[in-house]
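Beneath this line is the structure, given in structure tokens, with notes to follow.
Just follow the structure's listing: the first ligand is 1, and inside any ligand the first atom is 1.
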Amino acid sequence: MEYFRAAPVRDFVYLSIQIYMVFKNTDIETITSIRQVLSERKQKIVIVPHESPDGDAIGSAIGFGEILSNFGHTVNIVTPNDYPEFLKWFGSELNIVKYDKDKKSGKALFNEADLLICVDFNEVGRAGKLEKRVTKFNKTKILIDHHPYPKNFCTFMVSEPEYSSTAELIFDVVHQIGFEKQINKNAAEALYTGILTDTGAFNHNTSRPNTFKVVSDLMKFGIDTERIQSGVYHNFSINRMKLLGYCLNEKMVVYPEFRSAIITISKEELKQFDFQPGDTEGFVNYPLSIKNIVFSVLLIEKEKFVKASFRSKGNFPTNQFAKAHFNGGGHLNASGGETDLSLDAAFEKFTQLLPKYKRLLEETEI
Ligand code: 5GP
Ligand code: MN
């Protein structure tokens, strides 16, 4: 008898602790407010991912968009610019407007929207060509993101840097606000893609059990993980593979004494290999497969600036490096930035910085 009475009490305590304990930075009031905003009436919602959206940005936008649309909201996604072909196979039929290609539609959607949801970025500048529209939007704005050091540019912010991906975080937010019944296969497929790509196909940021729990829960919606793997990773052009081979064979410079490596790619080289958006995605990870290398850098010459990508192993803080020297930021092990220097000057700057970081690089445990 005692047992039957005790069990529900224990369950209740467990559940109430869970509600308070899931997020480290987000208080219950914020979650309650988001739940209210999203549940009280049907709204016109615009979801915005960061500039040059990656799998997590697009997957989060589509995944959350599908869920909110199933609830009855009118959802449109507006991206600052285009995203790679290998992210264009989703089952979802949500409308996605690329602002740089179709400003008129993007502007109209912003003007009509009741609510703006920003996903996978931590400062408004990362919205690229949509920065001004996001800043000027004067109704409710919600941010859901996993980048450290967020700037406060939204009404409600869910910022949880422990999470592998914004997609994983959205899955938990959806449960916290009681929208889990609205998850469908299209949403699960998109959120899974976000987790897959932000962990480099489960190569990094996978130390928390929750990541795999969420993956397991998403799989219950019948998603085809092998088809997704093929869509993202087995979908490259011949030119992209040749550009990768060229970069590794002819452009990678390794500095074993600094446990670092760099690849630079010029505009001419990109043209030579008929560069398409997304073609260089993942290149920066390759040098980290070399034994003992803990810091990898990719510099790409764009029209008006040089884009830098940084990756590391262990505790080497690429985001601090990006912030201090390349006007950027991001996660500890994966960050980016840009510089107005020429490609040669940026390369030179990087090599001259290495001795300053020698000790930190030497001490990095892997
Ligand atoms: P990627 O190297 O793939 O472009 O970016 C890796 C990570 O760094 C992503 O989490 C991205 O959000 C962040 N990141 C890339 N470029 C920039 C930048 O210019 N500024 C800031 N603050 N973060 C960036
Ligand atoms: Mn992300």
> Side-chain donor-acceptor pair under 3.5 Å between Ser60 and Thr166, yes or no?
Replying inline: no

> Using heavy atoms and a threshold below 4.0 Å, how should the contact between His147 and ligand 1 be classified: side chain, backbone, both, or neither?
Replying inline: side chain

>> Closer than 4.0 Å to some heavy atom of Ala334 - which atoms of ligand 1 meet that?
In response: 7 (C), 8 (O)

>> Would you say the ring centers of Tyr357 and Phe321 fall short of 6.0 Å from each other?
In response: yes

> What pairs with Phe179 under ring pair (Phe, Tyr, Trp, His ring centres under 6.0 Å), at least two apart in sequence or on another chain?
Replying inline: Phe71

>> Is the distance between the ring centroids of His331 and Tyr149 under 6.0 Å?
In response: no

> Looking only at protein heavy atoms, which one is nearest to atom 24 (C) of ligand 1, and how far off is it?
Replying inline: Gly329 O, 3.4 Å

> When you measure from the side chain of Ser260 to the backbone N and O of Tyr255, does any donor-acceptor pair fall under 3.5 Å?
Replying inline: no

> For atom 20 (N) of ligand 1, which candidate among Gly328, Ser165, Gly125 provides the closest heavy atom?
Replying inline: Gly328

>> Please list the nearest protein heavy atom to atom 15 (C) of ligand 1 with its residue and the distance rounded to 0.1 Å.
In response: Gly336 CA, 3.4 Å

> So, Glu365 and Lys313, do they make that salt bridge, N to O below 4.0 Å?
Replying inline: no

> Tell me: protein heavy atom nearest atom 12 (O) of ligand 1, and distance?
Replying inline: Arg126 NH2, 2.9 Å

> Short N/O distance, under 3.5 Å, between Phe310 and ligand 1?
Replying inline: no

>> Could you work out, for atom 5 (O) of ligand 1, the closest of Glu338, Arg311, His331, Glu123 by heavy-atom distance?
In response: Arg311

> Does NZ or CZ of Lys349 fall inside the cone over Phe326's six-membered ring, less than 6.0 Å from its centre and within 45° of the axis?
Replying inline: yes

>> At a cut-off of 2.8 Å, what protein N/O/S atoms sit near the Mn ion (ligand 2)?
In response: Asp56 OD2, Asp120 OD1, His146 NE2, Asp198 OD2

> Starting from atom 2 (O) of ligand 1, which protein heavy atom do you reach first, and at what distance in Å?
Replying inline: Ser309 OG, 2.6 Å

> Counting only N and O atoms by type, is there a donor-acceptor contact under 3.5 Å from the side chain of Asp172 to the main-chain atoms of Leu169?
Replying inline: no

> Short list, please: which atoms of ligand 1 are under 4.0 Å from a heavy atom of Lys307?
Replying inline: 15 (C), 16 (N), 17 (C), 18 (C), 19 (O)

> Any idea which part of His50 is under 4.0 Å from ligand 1, heavy-atom wise: side chain, backbone, both or neither?
Replying inline: neither

> Which pairs, with at least one residue in residues 91-119 and sequence neighbours excluded, count as a ring-ring contact (aromatic ring centres under 6.0 Å, His included)?
Replying inline: none

> Would you find a donor on one side and an acceptor on the other, under 3.5 Å apart, between the side chain of Thr364 and the backbone of Leu360?
Replying inline: yes

>> Once ring pair (Phe, Tyr, Trp, His ring centres under 6.0 Å) is applied, do any residues pair with Phe64, and if so which ones, sequence neighbours excluded?
In response: none

